[in-house]
Amino acid sequence: MPTGGTDEHGDGGRRETPGGLPYVSFNQLRSFHAVAVAGSVTAAAALLHVSQPTVTTQLRQLEAHYGIELVRRTPRGMVLSPLGEQLFGLTEQVFDLQSRIVDLLGSSATAVRGELRVGGVAPHYVMPALAAFTRAHPAVRVSLQLANSAAVVEGLVEQSLDVGVVGQTVLDSRLAAVPSSTQQVVIVCRDDHRWAGREGIELAELDGEPLVMREPGSTSRLVLEQALTRRGVVPYVSLEVNREGVREAVVAGFGVGISTEVEYVAEPRTRRLPIMDADISTEAFAVCLRGRRHGPAVRAFMATAERLFDENRPVRSPH
């Protein structure tokens, strides 16, 4: 890609190929696409490994040549015009095809090789798919970065990550997603709580009960609140805390807490209580950028996550 402000032909894109075929600068389209994906010229330049003036100049040349507006600069950042939205839909297809061409030319037909950079929200969500993937594809070098869902998605957009495992609340149109796992929401109580000797509770019993709730934005909190609202149950939220703080808050006496089966670690001070009369669960998804889903390693990881979900899908009993 050129590092200056001109098109690769030095004419700003005003050129027709022999025979009169229509021509548009691929590099200008790539700069536009990067801005649309990344949301700013600065992020687009980092994505393309070029200077900010290069991206700005190529975007302006594309708009000037056709006398159009593709991107609007607002106090909140850059947004696509209606025409820009239409063009983005087409450039997604163009660069998806480019990715597939590169994969075809550069990859082996019999083995998945190279590197896979994985992001995940917590080890227990990502490790099963990651372990299955590495067993099936030992030639791939794998790295793992743990972060919250928003940071994982940002890494995918900036292409510092190839795939991720995130909660259902962050899915958006830039991502291709397949279900990865399902986790039942459970209640955690202290070992001396009046419920400690029981096999489970019913949802209505949480009405007025002091409850250690996960932080806003937590998927397990979201699905529990939706279930409580449907039943007209109003617990007393005694404390909001992140995943790691729930157990200690319960032990400290703030009330019963919310967790999931996979997150709960059995120990003498607490008890796990299934919710007997409601099917409340969260889902995790394996995700990647739509334009990169055909890469061999990315495609293999997504297929592995989907296969594990199908194999481990729980059988639900009606309540």
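Counting from 1, the numbers follow the sequence of the chain as shown.
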Look at atom CD of Glu115 and say whether more than 12 heavy atoms of other residues, nucleotides or ligands are closer to it than 6.0 Å. yes
Pair Arg243 + Glu263: basic N to acidic O under 4.0 Å: yes
Give a yes or no answer on whether the side chain of Arg299 reaches the backbone of His294 with a donor-acceptor pair at less than 3.5 Å. yes
Backbone of Arg214 reached by a side-chain donor or acceptor of Arg221 within 3.5 Å: yes
Verify, without hydrogens or angle tests, whether Ser81 (side chain) and Gly84 (backbone) share a donor-acceptor contact under 3.5 angstrom. yes
Would you say Asp207's side chain and Pro235's backbone share a donor-acceptor pair under 3.5 angstrom? no
Under 3.5 Å donor-acceptor, Thr57 side chain and Thr54 backbone: no
Report yes or no: do Ser31 and Gln58 form a side-chain donor-acceptor pair below 3.5 Å? yes
Pair Arg231 + Glu202, salt bridge at N-O below 4.0 Å: no
Minimum heavy-atom separation for Leu144 to Gly120, with atom names? CD1-N, 4.2 Å
Under 3.5 Å donor-acceptor, Arg190 side chain and Val251 backbone: yes
Full working for side chain to side chain contact (heavy atoms under 4.5 Å, CB included) between Leu116 and Phe133: CA-CA 10 Å; Leu116 186 71; Phe133 174 84; 3.7 Å; yes
Might you confirm whether atom CZ of Phe95 has over 12 heavy atoms from other residues, nucleotides or ligands at distances under 6.0 Å? yes
Does Val163 offer a backbone N or O that forms a donor-acceptor pair with the side chain of Arg292 under 3.5 Å? no
Can you tell me if Asp277 uses its side chain to pair, donor with acceptor, with the backbone of Leu203 under 3.5 Å? yes
Under a plain distance cut-off of 3.5 Å, with no hydrogens placed, do Gln183 and Ser181 share a side-chain donor-acceptor pair? yes
Please determine if Glu205 and Arg198 form a salt bridge, counting it only when a charged side-chain N lies under 4.0 Å from a carboxylate O. yes
Test: Glu248 and Arg269 ion pair at under 4.0 Å: yes
Minimum heavy-atom separation for Ser220 to Thr282, with atom names? CA-CG2, 3.5 Å
Is Arg293 reaching over with its side chain to a backbone N or O of Arg290, donor-acceptor style, under 3.5 angstrom? yes
Polar side-chain atom of Arg141 near backbone of Pro138 as donor-acceptor pair, under 3.5 Å: no
